Amino acid sequence: SMSFRSFLREGLEVFQRDPRFRLFVVARWLDGTAMMALPFYVIAATEAGIATTDVAMLLGAQTIGALVSNPVWGWWGDRVGKRSLLGATALVALVAPLLTLLWLSTATVIPDTSLAWFAAMFLILGAVGNGSNIAHLGYLWEISPDARRPAYSGYFNAFAAPAALSPILGAVVIEAAGLPVVFAASALAAVAQCLAVRRLRHAEEKAAFPCP
């Protein structure tokens with residue numbers, strides 16, 4: 001039977017030799033980086049004048065966004081493809097940080113609609129979170145060999161685990177440069193994720209039609 005050390009070594013080999021798997025891990029890192037701002041939307045909302053008691057409404061909007069979007073993402077992944085779903089969720093992930101930056105830059109001239117504005121953003125965050133999970137699980141299933149799917153899942157989760165620490169990076173960014181910068185960095189990471197998913201298409205084409 002394979003030792004744990006051999007399992008880890010094989011995971012590194014898969015990462016090195018499989019360009020689709022490698023790009024997919026990079027896309028997941030960028031997805032995690034785009035989510036670095038997630039805990040700080042509440043801070044932005046309270047700075048916009050939303051009462052602490054209304055934060056529960058924002059979290060409710062996030063849950064509604066996740067629930068309502070589930071059938072859409074499931075249909076998209078089955079009919080259009082998992083890679084396309086990865087790209088779609090990466091593109092939608094741009095919306096919330098851009099809307100937050102717009103609010104932070106123009107709040108002084110916009111009427112008092114902050115609760116509705118941030119509720120819309122939390123709807124988007126809920127939809128993006130669920131869509132991203134569906135896309136990543138579905139695409140990992142597609143690129144994993146039938147007999148190695150549990151192993152590939154273990155490799156992927158191990159390589160992608162550092163992305164879960166991105167909110168700590170977000171806190172460092174805020175401490176160093178201020179709240180708006182973390183949303184700008186989140187938006188840039190979402191753009192980079194879109195580009196990584198676009199490169200996945202080329203990796204798939206090479207895998208389907210390898211050069212002689």
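Only heavy atoms go into these numbers, but all of them, side chains included; no hydrogens, no water, no symmetry mates. Predicted model, so just to flag it, every value in this text is computed and none were measured.
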First locate atom [atom1] of [X], then atom [atom2] of [Y], and finally report the distance between them rounded to the nearest 0.5 Å.
X: Ile134; Y: Asp78; atom1: CD1; atom2: CG; result: 10.0 Å
X: Leu59; Y: Asp54; atom1: CG; atom2: CG; result: 11.0 Å
X: Glu47; Y: Ser114; atom1: CD; atom2: OG; result: 12.5 Å
X: Gln16; Y: Leu12; atom1: CD; atom2: CG; result: 6.0 Å
X: Thr100; Y: Phe183; atom1: OG1; atom2: CZ; result: 5.0 Å

**Request:** Compute the centroid of each ring, for Phe21 and then for Tyr152, and state whether the two points are separated by less than 6.0 Å.
**Result:**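 Close enough - the centres of the two rings lie under 6.0 Å apart.
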Does [X] belong to the same Ile/Leu/Val/Met/Phe/Trp/Tyr cluster as [Y], with side-chain heavy atoms less than 4.5 Å apart forming each link?
X: Leu137; Y: Trp141; answer: no
X: Trp29; Y: Leu188; answer: no
X: Leu125; Y: Leu104; answer: yes
X: Ile43; Y: Met57; answer: yes
X: Leu67; Y: Val72; answer: no

Can you give each donor-acceptor pair under 3.5 Å made by side-chain atoms of residues 162-169, sequence neighbours left out, with the distance rounded to 0.1 Å?
{"residue": "Ser166", "atom": "OG", "partner": "Gly32", "partner atom": "O", "Å": "2.6"}
{"residue": "Ser166", "atom": "OG", "partner": "Ala163", "partner atom": "O", "Å": "3.3"}

**Prompt:** Sequence neighbours excluded, which residues qualify as side-chain hydrogen bond (donor to acceptor under 3.5 Å, both in side chains) partners of Arg149?
**Reply:**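 Arg149 satisfies side-chain hydrogen bond (donor to acceptor under 3.5 Å, both in side chains) with Asp146 once adjacent residues are dropped.
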Taking C-beta and beyond as the side chain, do [X] and [Y] meet within less than 4.5 Å on heavy atoms?
X: Thr46; Y: Val55; answer: yes
X: Arg28; Y: Asp31; answer: yes
X: Leu200; Y: Tyr139; answer: yes

In a table with atom names and distances, give each donor-acceptor pair under 3.5 Å that connects a side chain of residues 82-97 to protein atoms at least two apart or in another chain.
{"residue": "Lys82", "atom": "NZ", "partner": "Gly77", "partner atom": "O", "Å": "3.4"}
{"residue": "Arg83", "atom": "NE", "partner": "Glu204", "partner atom": "OE1", "Å": "2.9"}
{"residue": "Ser84", "atom": "OG", "partner": "Trp76", "partner atom": "NE1", "Å": "2.9"}
{"residue": "Thr89", "atom": "OG1", "partner": "Leu85", "partner atom": "O", "Å": "3.1"}
{"residue": "Thr89", "atom": "OG1", "partner": "Leu86", "partner atom": "O", "Å": "3.0"}

**Request:** Test Arg148 against Glu10 for salt bridge (charged side-chain N to carboxylate O under 4.0 Å, His left out), laying out the working first.
**Result:** CA-CA 12 Å; Arg148 304 300 317 283; Glu10 184 173 289; 2.5 Å; yes
**Item:** From Val42, Leu123, Leu115, residue fulfilling side chain to side chain contact (heavy atoms under 4.5 Å, CB included) relative to Leu58
**Value:**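 When Val42, Leu123, Leu115 are each tested with Leu58, the side chain to side chain contact (heavy atoms under 4.5 Å, CB included) holds only for Leu115.
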**Request:** Check the angle between the aromatic planes of Phe24 and Phe156 and answer parallel, tilted or perpendicular using the 30° and 60° thresholds.
**Result:**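 Parallel.
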**Heavy-atom closest pair, residues Leu99 and Met121** =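 Reported closest heavy-atom pair: CB-SD, 3.7 Å.
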**Message:** Donor-acceptor check, side chain of Asn157 to backbone of Ser153, threshold 3.5 angstrom: yes or no?
**Reply:**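 Checked: pair present.
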